2 protein chains.
Amino acid sequence: MEIPPVVIDRLPLYARALASLEAQGREVVSSQELGQQLNVTPAQIRKDLSYFGRFGKQGRGYNVRKLLDELRSILGLNRQWRMTLVGTGRLGRAILGYEGFAPQGFRIIQTFDSDAEWVGKQVNGLTVHSTDDLEKVLADSPVDVGIVAVPAETAQNVIDRLVACGVTAILNYAPIAAHVPPHVHIKRIDPVLALQGMTYYLKANAASK
Amino acid sequence: MEIPPVVIDRLPLYARALASLEAQGREVVSSQELGQQLNVTPAQIRKDLSYFGRFGKQGRGYNVRKLLDELRSILGLNRQWRMTLVGTGRLGRAILGYEGFAPQGFRIIQTFDSDAEWVGKQVNGLTVHSTDDLEKVLADSPVDVGIVAVPAETAQNVIDRLVACGVTAILNYAPIAAHVPPHVHIKRIDPVLALQGMTYYLKANAASK
DNA sequence: ATCTGTGAAGCACTTCACAGCG
DNA sequence: CGCTGTGAAGTGCTTCACAGAT
C-alpha cells in the first residue's frame with residue numbers, strides 16, 4: 001500500500017508523545033487525548049494508524065508501550081543510523097555539538113571541510129577530513145544519512161557526490177532547493193524560510209503599530 | 001481574499017531564487033525556468049502569483065526585479081524584524097552566532113537564560129538577561145518574533161509568556177508540539193523529526209544490506 | 001511563436017459519522 | 001457506554017488546458 005507522505009511525517013510526532021507518556025508511566029491513551037497534546041484531530045490519528053494495522057482496543061484506547069514499539073518499528077527508530085556531516089564551519093560545528101541526535105539513534109561518524117585550516121583538526125572527537133576525500137572515506141565506512149552544512153554555492157555539488165556514494169537520505173541546511181533523483185529523500189532545515197513565511201501574517205500588525 | 005497557507009510558504013522560495021537571478025544580472029524569467037530551479041511546476045508558480053496580482057507579461061515572462069520587489073512587499077521582507085531569543089545554552093548560542101538572519105532583515109536584539117551562571121554575561125554582543133525578567137525587558141523593547149531554544153520541559157511556559165507579551169510569531173527549536181492561540185503563528189525547527197520522517201523510507205534498504 | 005492568467009478538472013488529504021467491539 | 005477502525009463525504013491544493021496578450 002502507498003502511504004501518504006504527510007502521514008509518515010506525523011508518525012514521529014506520535015512516537016515522541018508516546019515516549020513521554022511512557023516515561024510518565026501511562027499505560028493507555030485514547031486518540032482523543034493524544035490529539036489534544038499534539039494539536040491533531042483524533043480522527044486523523046486513528047486514520048493514520050489504520051494504514052499500518054489495528055493497534056487499539058475499542059472502548060479503551062491504545063496501549064502506550066505497544067503502540068510506541070509499533071511506531072518505532074515502522075519508522076526504523078529501533079536502529080542506529082550512521083550520518084556524515086559535510087561542512088565543519090560555524091553551523092557544522094553547532095550540528096556536531098547538538099545533543100539531540102544521539103539519544104534518538106542518530107550518530108555523526110564523519111565530518112568534512114574544504115578549509116585546509118580545519119582539515120586534520122579534532123572537532124567533538126572527530127577528525128575533520130578534507131572534502132576532497134569524501135568518496136574515499138564513504139567507501140570505507142558508508143553512512144545512511146548525509147548532513148549538508150556548506151555554503152549555498154557548493155551545496156548542490158556536495159549533494160550530487162553524496163548521492164553518487166549511495167546516500168539516499170539528506171538533511172540539507174544550505175539555503176538552496178537541491179536537485180536529487182527520485183529515490184533520494186531530502187529535507188531542508190531553513191529557519192529563514194520559516195521566518196519569512198510568518199512575516200506575511202505579521203505585516204498588517206506591524207504597519208498599524 | 002483568503003490565501004492558502006502553502007502558497008505563503010512557497011513565496012519566500014520564489015523570492016530567494018529571484019534574488020539570486022537578480023544578482024546574476026538576469027532581467028526576465030519564465031515560470032518554466034523558475035520552476036525548474038525550484039522543483040515546482042510552472043503552473044503552480046503562476047497560480048500562486050495570481051493570488052496577488054498579474055505580474056508577468058504574456059510571451060515574455062516576469063521581470064526579475066519587479067517580481068522580487070512585489071514578493072518582498074507582500075511578505076514584508078523590506079522591513080527589519082526584531083527578535084528575542086529565549087535560551088542561551090549550546091543551541092541558543094549557535095542561533096545567536098548564525099550569520100543567515102541579519103542579511104535577511106532578522107535581528108536578535110535580546111537574549112535570555114535561566115542559568116544564573118550565564119545571566120549578565122555578554123554573548124555575541126548581547127547581555128544575557130534572566131528569563132525571570134522576560135516581561136520587563138519586552139515591555140521596554142518589544143519584538144516581532146520570539147525564538148525559543150529552551151529545554152522541552154520549560155518551552156510551553158516560555159511560549160505562553162511570549163504570547164502574553166504580545167509576540168505573535170514564534171520560531172520553536174524545542175522538541176514539543178506547543179499550544180498557542182489561533183492568532184499566533186508558530187513554526188518548529190526540528191532536525192530529529194525531519195530525520196525520523198526519512199528513516200521510514202530507508203528501512204527496507206538498510207535491512208537488505 | 002511564446003508564455004501568462006485562470007476557470008475547471010483532478011487528486012490528495014482531512015473530517016465525518018457510525019457500525020462494531022470490549 | 002466509550003473508543004476504535006473505516007467507508008464515504010468534504011475540503012483544499014495541484015494540475016490541466018486553453019483563451020488571450022505580446
Side-chain angles (χ1 to χ4, degrees), chain A residues 1-14 17-18 21 26-71 74 177 182 185 197 200-201, chain B residues 1-14 17-18 21 26-71 74 177 182 193 197 200-201:
Chain A
M1 203 204 327
E2 204 44 76
I3 287 135
V6 272
V7 172
I8 302 299
D9 284 340
R10 275 191 300 266
L11 296 186
L13 219 63
Y14 302 162
L18 287 164
L21 286 167
R26 284 289 302 277
E27 300 206 333
V28 171
V29 71
S30 66
S31 59
Q32 167 102 117
E33 189 186 347
L34 202 53
Q36 227 139 36
Q37 277 189 36
L38 295 171
N39 300 320
V40 172
T41 64
Q44 177 107 260
I45 294 177
R46 296 202 302 276
K47 167 77 57 171
D48 286 354
L49 296 177
S50 78
Y51 284 104
F52 301 95
R54 303 149 59 102
F55 307 124
K57 273 208 171 48
Q58 281 139 322
R60 254 174 82 67
Y62 300 88
N63 177 297
V64 171
R65 177 59 155 283
K66 177 165 166 281
L67 183 54
L68 179 53
D69 283 351
E70 290 284 0
L71 288 176
I74 291 164
H185 296 270
Y200 170 77
Y201 302 101
Chain B
M1 204 202 327
E2 203 46 75
I3 287 135
V6 273
V7 172
I8 302 300
D9 284 340
R10 276 192 298 266
L11 297 186
L13 219 63
Y14 303 161
L18 287 164
L21 285 166
R26 285 289 301 276
E27 300 206 332
V28 171
V29 70
S30 66
S31 58
Q32 168 102 117
E33 188 185 349
L34 202 55
Q36 227 138 34
Q37 276 189 37
L38 295 171
N39 300 320
V40 172
T41 64
Q44 177 107 260
I45 293 177
R46 296 201 302 275
K47 169 68 76 169
D48 285 354
L49 296 177
S50 79
Y51 284 103
F52 301 93
R54 303 148 61 103
F55 306 124
K57 272 206 171 51
Q58 281 139 321
R60 257 174 79 67
Y62 299 89
N63 178 296
V64 171
R65 177 57 157 284
K66 178 164 167 279
L67 184 53
L68 180 54
D69 282 353
E70 290 283 0
L71 288 176
I74 290 164
L193 280 191
Y200 170 77
Y201 301 101

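Chain naming here is simple, since letters A, B, ... match the order of the sequence lines and numbering starts at 1 in each. Remember, it's a predicted structure, so these values are computed and weren't measured experimentally.
- Among residues at least two apart or in separate chains, side chain to side chain donor-acceptor pair (under 3.5 Å) pairs with a member in residues 41-56 of chain B are B:Arg10-B:Gln44, B:Arg10-B:Asp48, B:Tyr14-B:Asp48, B:Ser31-B:Arg46.
- Counting to the nearest Å, the P atom of D:dG5 and the CG atom of A:Leu34 are 13 Å from each other.
- Taking atom CD of residue B:Glu33 and atom P of nucleotide C:dT2, one finds them 15 Å apart after rounding to whole Å.
- Note that CG of A:Leu67 and CG of A:Leu34 are 7.5 Å apart. Values are rounded to the nearest 0.5 Å.
- Taking every heavy atom of residues 52-64 of chain B and every atom of DNA chain D, pairs under 4.0 Å involve B:Gln58, by number.
- Computed from coordinates, the A:Asp48 CG to C:dT15 C1' distance equals 12 Å when rounded to whole Å.
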Evaluate the side-chain contact (heavy atoms from CB on, under 4.5 Å) criterion for residues B:Leu49 and B:Leu71: first the C-alpha distance (whole Å), next the side-chain angles of each, then the deciding distance (0.1 Å), finally the verdict. CA-CA 9 Å; B:Leu49 296 177; B:Leu71 288 176; 4.1 Å; yes
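- One interatomic measurement links the two molecules: CD of A:Glu2 to P of C:dA12, which rounds to 10 Å at whole-angstrom precision.
- Sorted by residue number, the members of residues 5-12 of chain A with any non-hydrogen atom under 4.0 Å from DNA chain C read A:Pro5, A:Val6, A:Arg10.
- Within residues 38-47 of chain B, the residues approached by DNA chain C to less than 4.0 Å at the level of any non-hydrogen atom are B:Arg46, B:Lys47, in residue-number order.
- Of all the heavy atoms in A:Val64 and A:Leu18, the pair that sits closest is CG1-O, 3.6 Å.
- Under the rule for a salt bridge (Lys or Arg N to Asp or Glu O under 4.0 Å), the partners of A:Glu33 that lie at least two apart in sequence or sit in another chain are A:Arg26.
- The shortest distance between side-chain heavy atoms of A:Val28 and A:Lys57 does not fall below 4.5 Å.
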Show your reasoning for whether side-chain contact (heavy atoms from CB on, under 4.5 Å) applies to B:Leu11 and B:Phe52. CA-CA 11 Å; B:Leu11 297 186; B:Phe52 301 93; 3.6 Å; yes
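- Following rounding to the nearest Å, A:Leu49 (CG) and D:dC3 (P) show an atom-to-atom distance of 16 Å.
- Per the geometry, OH belonging to B:Tyr14 stands 13 Å off P belonging to C:dT4, to the nearest Å.
- Rounded to an integer number of Å, the gap from B:Ile3 CD1 to D:dT14 P is 14 Å.
- Between B:Ser31 and C:dT4 there is a side-chain N or O to OP1 or OP2 distance below 4.0 Å.
- Here B:Lys66 pairs with B:Phe55, B:Asn63 under the side chain to side chain contact (heavy atoms under 4.5 Å, CB included) rule; sequence neighbours left out.
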